[in-house]
J.: 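Below is the structure I would like to discuss, written out as structure tokens.
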Amino acid sequence: MQLWSQYFIPTLKESPADAEIASHKLLVRAGLVRKLAGGLYTYLPLGLRVMRKITQICREEIERGGGIELEMPHLHPVENWQSGPRWAAAREIMFRADSAGDGQRAPREPEFVLGPTHEEVITPLVQAEITSYRDLPKNFFQIATKFRNEIRPRYGLMRAREFVMMDAYSFDTDDAHAVVSYQKMKVAYEAFFRRVGAHAIAVEADTGVMGGSFSHEFMVPADVGDDDVIYCEASGYAANREKATSALVPKDLADAAPLGATEEFATPGVGTIAALEAAPYLVPGDKQFKTLVFMGDGKPFLVILRGHDELEEAKLGALGFTLFRPATPEEIVSVMGARPGSLGAVRGTIAQPGALAGVFADYAIRLIGNGVTGANKDGFHLRNVNVTRDLQVTKFGDFRRVRAGEPDGKSGQPLQSRRGIEVGHIFKLGTKYSEKYGAVYTDDQKQSHPMVMGCYGIGIGRTLQAIIEQSHDADGIVWPWAIAPFQLLICVLDPQLPEAMDLANKLAAAAESAGADVLIDDRAERPGVKFKDADLIGLPLRVTIGGKGLKEGIVELKARTSKNVLKLPLAEAEVQIAAAVRAAAV
RNA sequence: CGGGGCGUAGCUUAGCCUGGUAGAGCGCUUGCUUCGGGAGCAAGAGGUCGCGAGUUCGAAUCUCGCCGCCCCGACCA
């Protein structure tokens with residue numbers, strides 16, 4: 001039981017200027033967090049209570065799914081990362097932790113980084129400690145602070161530089177067992193999100209820098225989310241847009257015939273898809289080949305798409321480059337012989353075809369017959385270009401971004417899209433890390449094999465904020481019971497009356513023994529202030545004790561989600577409140 | 001990192017264009033009245049106008065540099 005007057009809940013009438021979205025405003029206004037700097041927040045007492053409750057539920061569910069809790073250092077020797085498989089890709093988001101020096105001499109060389117995640121620590125640990133199939137499977141997890149130098153922290157806890165994450169790492173003897181571990185975590189995640197009151201859905205996801213073989217993201221649908229979820233209600237398909245596919249393009253379609261003779265034509269000053277669509281050329285965008293030049297690990301490669309299709313850069317990850325980026329105009333001219341706007345992949349027109357690491361074409365270009373593409377000569381294009389006959393394609397793949405409205409692969413129904421907040425991610429990693437760090441075990445035939453890994457993350461703070469985002473109204477937060485900082489607010493309108501406070505204490509004791517955390521608002525504030533604050537901090541149940549009610553012999557009970565006020569006779573108040581607590585707690 | 005915007009009291013902000021005594025609301029302190037949905041009146045405290053240079057008799061205001069923050073893009077739990 002806490003007395004508001006003795007506690008610390010600094011509520012605000014107005015939202016801070018830097019808060020943009022509802023959940024961020026409410027986090028600050030309800031006195032849950034305060035900002036130290038961009039992406040760095042202090043959890044105030046109320047916020048900390050919520051974090052602890054979410055953390056505890058997370059711990060229980062991950063343990064139920066086979067997880068074993070441990071805790072690793074936040075400071076990592078940089079060598080752990082340098083010897084790992086993704087140092088080049090990950091270093092950009094990592095904070096270095098070098099000595100601040102004495103202000104006189106140059107600081108010592110940096111030796112540590114602040115951990116953005118822990119594959120680079122757990123895998124060497126397991127490598128050293130586990131050598132036998134008898135000790136597998138194992139799934140280690142921790143709930144700890146992570147550090148990432150986000151390119152752009154924003155929206156309060158949603159994308160912070162320092163944040164609390166549950167991270168788990170599974171180690172199995174083979175692929176089939178790794179899938180079992182993965183499924184157990186998926187079940188644990190579903191239980192966790194259900195218990196904390198977050199309506200999260202599992203969607204297929206891109207593996208990104210993690211480099212796993214498959215993965216799911218857990219998304220809370222919200223307009224302020226950073227991700228697009230593509231889904232089909234009829235088939236149940238759901239995927240992050242980065243990964244989503246549609247049935248737009250049959251994968252075995254041959255060239256659309258009949259083939260015309262390829263010819264060059266002058267297009268002075270025309271350098272865009274739109275310009276070729278306009279008069280006098282009148283070439284529809286879906287009859288054009290769009291040729292993009294990228295640099296992958298230092299070598300140029302081409303990506304060909306239909307004119308109207310957009311490249312989904314995440315899908316280029318499948319090509320196996322460690323690092324890739326769009327080529328600069330200078331690089332493009334030296335490889336292709338022309339500037340962007342006149343590029344194409346027709347055999348014999350590329351200036352330095354031998355320099356290319358590959359030409360990767362989206363399946364959808366097979367829908368084009370007698371199309372148009374750049375001639376690799378500034379101001380010229382080619383018409384009657386056909387895929388198989390004319391283009392120098394190394395490999396076809398799915399590289400285009402799916403749009404809502406395209407047919408779903410299973411049901412054929414139009415795909416829909418929705419914004420979502422990514423609150424959790426599970427990856428089946430494979431042996432990428434175990435091979436690199438030598439995490440191998442010996443099987444019952446005395447054979448040595450790399451362990452098959454999975455890794456799993458839940459953003460605790462992000463989950464907290466996502467719940468506020470999907471559970472609030474015009475007056476404030478509406479906490480789900482399981483994670484509310486307190487579950488019952490006893491609002492004492494006349495705390496100067498000893499009988500009012502005596503009653504409050506009695507009711508608090510009854511509610512606590514029924515399983516509620518109780519906050520008593522004993523502040524010498526006006527009723528209006530107390531009610532506004534009560535709605536703002538959003539505890540699920542509120543009991544109001546007023547001088548007026550005491551004369552009538554009643555107290556009032558109200559749920560945050562309802563407008564109805566229940567008048568309880570004093571004689572029944574303890575029993576009824578305890579019953580309400582038990583009813584809400586299930 | 002690219003593009004845009006903003007830094008004035010604990011919070012929200014006016015003033016800046018057109019240089020001349022730094023203002024308001026909320027919050028805070030004291031008193032009186034009030035007291036079931038962010039009270040009224042009165043009196044008060046609280047500001048290196050982000051930092052540093054420059055222009056000027058004089059800079060919150062104009063110029064330059066730096067720092068911080070916010071929004072849009074790439075990244076992510």
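A, B, ... follow the sequence lines: proteins, then strands. Residue 1 opens every chain.
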J.: Categorize A/Arg29 for me: base, sugar-phosphate, or nothing, with a 4.0 angstrom heavy-atom threshold over every strand shown.
T.: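 Base, at least one base atom sits under 4.0 Å.
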J.: When the P atoms of B/G25 and B/G40 are compared, how many Å lie between them, rounded to an integer?
T.: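 Between the two P atoms, the distance is 11 Å.
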J.: Across all strands, who's sitting opposite B/C41 as a Watson-Crick or G-U wobble pair, both distances under 3.5 Å?
T.: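 Here B/C41 is engaged in a pair, and the nucleotide opposite it is B/G31.
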J.: Figure out the CZ/P separation between A/Arg159 and B/A77, and round it to whole Å.
T.: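 That distance rounds to 11 Å.
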J.: Using 30° and 60° as the class limits, which term best fits the ring planes of A/His76 and A/Trp81: parallel, tilted or perpendicular?
T.: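 Parallel, since the angle between the ring planes stays under 30°.
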J.: Within the 4.0 Å heavy-atom criterion, would you say A/Gly546 contacts the bases, only the backbone, or no part of the nucleic acid?
T.: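 Result for A/Gly546 = base.
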J.: Looking at the side chain of A/Ala17, which of B/A77, B/U13, B/C71 is the nearest nucleotide?
T.: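 Nearest nucleotide to the side chain: B/U13.
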J.: In whole angstroms, how far is the P atom of B/A77 from the CD atom of A/Glu162?
T.: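 Between P of B/A77 and CD of A/Glu162: 17 Å.
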J.: Please indicate whether A/Glu69 has more than 12 foreign heavy atoms, meaning atoms of other residues, nucleotides or ligands, lying under 6.0 Å from its CD.
T.: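 Counting other residues, nucleotides and ligands, CD of A/Glu69 exceeds 12 neighbours.
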J.: Check whether A/Tyr231 forms a cation-pi arrangement with A/Arg418 (NZ or CZ under 6.0 Å from the six-membered ring centre, at most 45° off the ring normal).
T.: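 The answer is no; the distance or angle limit is not met.
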J.: Base, sugar-phosphate alone, or nothing: which one does A/Glu217 contact when heavy atoms must sit under 4.0 Å apart?
T.: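 Touches nothing.
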J.: Write down the distance between CG (A/Leu550) and C1' (B/C35), rounded to a whole number of angstrom.
T.: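 In whole Å, B/C35 C1' lies 15 Å from A/Leu550 CG.
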J.: Mind checking the P distance from B/A45 to B/U29? Whole angstroms is fine.
T.: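 My reading of the P atoms in B/A45 and B/U29 gives 15 Å.
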J.: Base, sugar-phosphate, or nothing for A/Asp535, non-hydrogen atoms under 4.0 angstrom?
T.: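 Result for A/Asp535 = base.
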J.: Taking the side chain of A/Ala37 as heavy atoms from C-beta outward, which of B/A77, B/C69, B/G38 is closest to it?
T.: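 Output: B/C69.
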J.: Identify the residue among A/Arg400, A/Lys290, A/Arg401 that makes a side-chain hydrogen bond (donor to acceptor under 3.5 Å, both in side chains) with A/Asp309.
T.: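 Running side-chain hydrogen bond (donor to acceptor under 3.5 Å, both in side chains) over A/Arg400, A/Lys290, A/Arg401 with A/Asp309 returns exactly one hit, A/Arg400.
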J.: Using atom P in both nucleotides, what's the gap between B/A14 and B/U8 to the nearest angstrom?
T.: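 10 Å, rounded to whole Å.
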J.: From CG of A/Asp18 over to C1' of B/C69, roughly how many Å is that when rounded to an integer?
T.: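 To the nearest whole Å, that distance equals 7 Å.
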J.: Ring-plane angle category for A/Phe324 and A/Phe294, please: parallel below 30°, perpendicular beyond 60°, tilted otherwise.
T.: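 A/Phe324 and A/Phe294: perpendicular rings.
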J.: Kindly assign one of parallel, tilted or perpendicular to the pair A/Tyr456 and A/Tyr182, based on the angle between their ring planes and the thresholds 30° and 60°.
T.: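 Geometry flag for A/Tyr182 against A/Tyr456: tilted rings.
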J.: With both distances under 3.5 Å as the test, what is the Watson-Crick or G-U wobble partner of B/A74?
T.: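 Partner of B/A74: none.
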J.: Specify the separation, in whole Å, of atom NE2 of A/His425 and atom C1' of B/C75.
T.: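 Going from NE2 in A/His425 over to C1' in B/C75 covers 13 Å.
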J.: Mind checking whether A/Tyr189 and A/Phe193 have parallel, tilted or perpendicular rings, split at 30° and 60°?
T.: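 If you compare the ring of A/Tyr189 with that of A/Phe193, the planes turn out perpendicular.
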J.: Expressed as a whole number of angstroms, how long is the span from A/Arg419:CZ to B/C76:P?
T.: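 Rounding to the nearest Å, CZ of A/Arg419 and P of B/C76 are 15 Å apart.
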J.: Looking across every strand, which nucleic acid part, if any, lies under 4.0 Å from A/Val529 by heavy atom: base, sugar-phosphate, or nothing?
T.: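 Counting heavy atoms under 4.0 Å across all strands, the contact made by A/Val529 includes a base.
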J.: Between B/A74 and B/C11, how far is it from one C1' atom to the other, in whole Å?
T.: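 Straight-line distance between the two C1' atoms is 34 Å.
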J.: May I ask you to say what A/Thr463 touches in the nucleic acid, namely base, sugar-phosphate or nothing, with a heavy-atom cut-off under 4.0 Å?
T.: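 Nothing: the residue A/Thr463, judged by heavy atoms under 4.0 Å, touches no strand.
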J.: Ignoring the backbone of A/Arg462, work out which of B/C76, B/C71, B/G38 is nearest its side chain.
T.: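 Selected nucleotide (nearest to the side chain): B/C76.
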J.: Just to be sure I understand the rule, does A/Ala19 reach a base, reach only the sugar-phosphate, or reach nothing, if contact means heavy atoms closer than 4.0 Å?
T.: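 If one applies the 4.0 Å heavy-atom cut-off, A/Ala19 turns out to touch nothing in the nucleic acid.
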J.: Answer yes or no: is there a donor N or O on one side and an acceptor on the other, between the side chain of A/Lys315 and the main chain of A/Ala244, under 3.5 Å?
T.: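 Side chain of A/Lys315 to backbone of A/Ala244, a donor-acceptor pair under 3.5 Å: yes, one is there.
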J.: Can you tell me, in whole Å, how much space there is between the C1' of B/C28 and that of B/C6?
T.: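 It comes out at 27 Å once rounded to the nearest Å.
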J.: So, is A/Lys35 near the phosphate of B/C70, with a side-chain N or O under 4.0 Å from OP1 or OP2?
T.: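 Yes.
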J.: Taking only side-chain N and O atoms of A/Arg152, does any of them lie within less than 4.0 angstrom of OP1 or OP2 on B/C71?
T.: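 Result: yes.
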J.: Does OP1 or OP2 of B/C72 have a side-chain N or O of A/Tyr155 closer than 4.0 Å?
T.: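 So the side chain of A/Tyr155 is within the cut-off, an N or O lying under 4.0 Å from OP1 or OP2 of B/C72.
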J.: Please give me the minimum heavy-atom distance between A/Ala97 and A/Leu114, naming the atom from each residue.
T.: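 Smallest interatomic distance, heavy atoms only, reads CB-CG, 4.4 Å.
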J.: Stacking between A/Phe531 and B/G36, defined as ring centres under 5.5 angstrom apart with planes under 30°, is that present or not?
T.: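 It does not: the two rings, one from A/Phe531 and one from B/G36, miss the stacking criterion.
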J.: Look at the side chain of A/Arg542 and the base of B/G36, then say whether one donor and one acceptor between them are separated by less than 3.5 Å.
T.: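 There is none.
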J.: Would you say A/Arg526 reaches B/C35's phosphate, i.e. side-chain N/O to OP1/OP2 under 4.0 Å?
T.: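 For B/C35, OP1/OP2 do not have a side-chain N/O of A/Arg526 under 4.0 Å.
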J.: Please report the distance separating the C1' of B/U21 from the corresponding atom of B/G15, rounded so that it comes out in whole Å.
T.: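 Those two atoms are separated by 14 Å.
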J.: Would the number of heavy atoms belonging to other residues, nucleotides or ligands and lying under 6.0 Å from NZ of A/Lys184 be above 12?
T.: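 No - once you tally the heavy atoms of other residues, nucleotides and ligands closer than 6.0 Å, there are 12 at most.
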J.: Say you pick atom C1' in B/U18 and the same atom in B/G3; how far apart are they, in whole Å?
T.: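 That atom pair is separated by 30 Å.
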J.: Whole-Å distance between B/G27 P and A/Arg523 CZ?
T.: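 Rounded to the whole Å, the gap is 13 Å.
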J.: Looking at A/Arg154, I'd like to know whether one of its side-chain N or O atoms comes within less than 4.0 Å of OP1 or OP2 on B/C71.
T.: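 For B/C71, OP1/OP2 do not have a side-chain N/O of A/Arg154 under 4.0 Å.
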J.: Partner of B/G19 by Watson-Crick or G-U wobble geometry, both contacts under 3.5 Å, or none?
T.: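 Across all strands, not a single nucleotide pairs with B/G19.
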J.: Does B/U61 have a Watson-Crick or wobble mate here (both distances under 3.5 Å), and if so which one?
T.: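 None - no nucleotide pairs with B/U61, as no candidate has both distances under 3.5 Å.
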J.: With a 3.5 Å cut-off and heavy atoms only, can you find an N or O donor on one side and an acceptor on the other between the side chain of A/Arg34 and the base of B/C11?
T.: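 No, the side chain and the base share no sub-3.5 Å donor-acceptor pair.
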J.: Does the structure show a Watson-Crick or G-U wobble partner for B/U56, both distances under 3.5 Å? Name it, or say none.
T.: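 Across all strands, not a single nucleotide pairs with B/U56.
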J.: Assign each of A/Gly547 and A/Glu525 to its nearest nucleotide of RNA chain B by heavy atoms, then name whichever residue's nucleotide is nearer the 5' end.
T.: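 Its nearest nucleotide being more 5', the pick is A/Glu525.
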J.: Are OP1 or OP2 of B/G27 and a side-chain N or O of A/Lys13 less than 4.0 angstrom apart?
T.: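 Yes, because at least one side-chain N or O of A/Lys13 sits under 4.0 Å from OP1 or OP2 of B/G27.
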J.: Classify the nucleic acid contact of A/Asp494 as base, sugar-phosphate or nothing, counting any heavy atom under 4.0 Å across all strands shown.
T.: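 Answer is nothing: A/Asp494 stays at 4.0 Å or more from every strand.
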J.: Taking the P atom of each, how far is B/G37 from B/A77, in whole Å?
T.: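 Nearest-Å result for B/G37 against B/A77 at atom P: 48 Å.
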J.: Between the base of B/G25 and the side chain of A/Glu14, is there any donor-acceptor pair under 3.5 Å?
T.: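 By the distance-only test, yes, there is a pair.
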J.: Quick one: label A/Gly549 by what it contacts on the DNA or RNA (base, sugar-phosphate, nothing), any heavy atom closer than 4.0 Å.
T.: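 Base contact.
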J.: Roughly how many Å is it from CG in A/Leu26 to P in B/C11, rounded to a whole number?
T.: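 In whole Å, B/C11 P lies 19 Å from A/Leu26 CG.
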J.: Where the side chain of A/Phe163 is defined as all heavy atoms beyond and including C-beta, which of B/A77, B/C75, B/G36 is the nearest nucleotide?
T.: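 Nearest to the side chain of A/Phe163 among the choices is B/A77.
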J.: Closest nucleotide of RNA chain B for A/Glu150 versus for A/Leu493: which of these residues is on the 5' side?
T.: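 Residue closer to the 5' terminus by nearest nucleotide: A/Leu493.
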J.: Which one is paired to B/C66, where only Watson-Crick or G-U wobble pairs with both distances under 3.5 angstrom count?
T.: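 Partner of B/C66: B/G50.
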